[in-house]
Amino acid sequence: MLDNEFRRPFSVDFVPQGSLCEWCGEPAERQLTAIGGRYHNESGLFCRSCGEKFSQAVINSLSVAATTPPMEAL
């Protein structure tokens, strides 16, 4: 995962010391907030592993949205 928020569809922020990952309970490293796609503005505190999974879900949702034709085209 890149830490540069301009290279991925989410912003990356620091978490308060002692924060736990919302998915697995391990120590959290970053707060990730989705930008665009079906997860727009959803965020959470994540460890590295769960943050990768969240990032991949956001990226996948954007690629599906980009390849789905508009309803009027069907």
Side-chain angles (χ1 to χ4, degrees):
M1 171 175 45
L2 298 175
D3 288 330
N4 183 339
E5 67 185 87
F6 299 106
R7 293 182 167 244
R8 292 286 189 202
F10 51 83
S11 67
V12 180
D13 298 302
F14 294 101
V15 298
Q17 187 172 9
S19 296
L20 299 177
C21 175
E22 294 179 18
W23 286 5
C24 72
E26 295 293 318
E29 295 182 17
R30 296 282 187 258
Q31 177 178 1
L32 302 177
T33 304
I35 300 171
R38 91 177 202 212
Y39 296 103
H40 183 65
N41 280 340
E42 289 190 31
S43 67
L45 306 177
F46 298 102
C47 66
R48 179 173 302 276
S49 177
C50 292
E52 293 284 344
K53 293 173 188 170
F54 176 78
S55 301
Q56 194 59 54
V58 171
I59 292 165
N60 289 344
S61 75
L62 291 172
S63 64
V64 167
T67 60
T68 304
M71 290 300 291
E72 58 271 4
L74 298 177

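Computed from a prediction, not measured in an experiment: that's the story for all the values here.
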**Q** Closest approach of Gln31 and Ser43, non-hydrogen atoms and distance?
**A** NE2-OG, 3.5 Å
**Q** Would you say Cys24 and Ser49 make side-chain contact, with heavy atoms under 4.5 Å?
**A** no
**Q** Is the shortest heavy-atom distance from the side chain of Glu29 to the side chain of Phe46 under 4.5 Å?
**A** no
**Q** Mind listing the closest non-hydrogen atom pair of Val58 and Ala34 along with its distance?
**A** CG2-CB, 3.7 Å
**Q** For residues Val12 and Phe54: do they belong to one hydrophobic cluster (side chain heavy atoms under 4.5 Å, members Ile, Leu, Val, Met, Phe, Trp, Tyr)?
**A** yes
**Q** Working to the nearest 0.5 angstrom, can you tell me the gap between Ser11 OG and Leu32 CG?
**A** 7.5 Å
**Q** Determine the sole option in Pro27, Ser19, Cys21 for which the side chain to side chain contact (heavy atoms under 4.5 Å, CB included) test with Leu45 is passed.
**A** Ser19
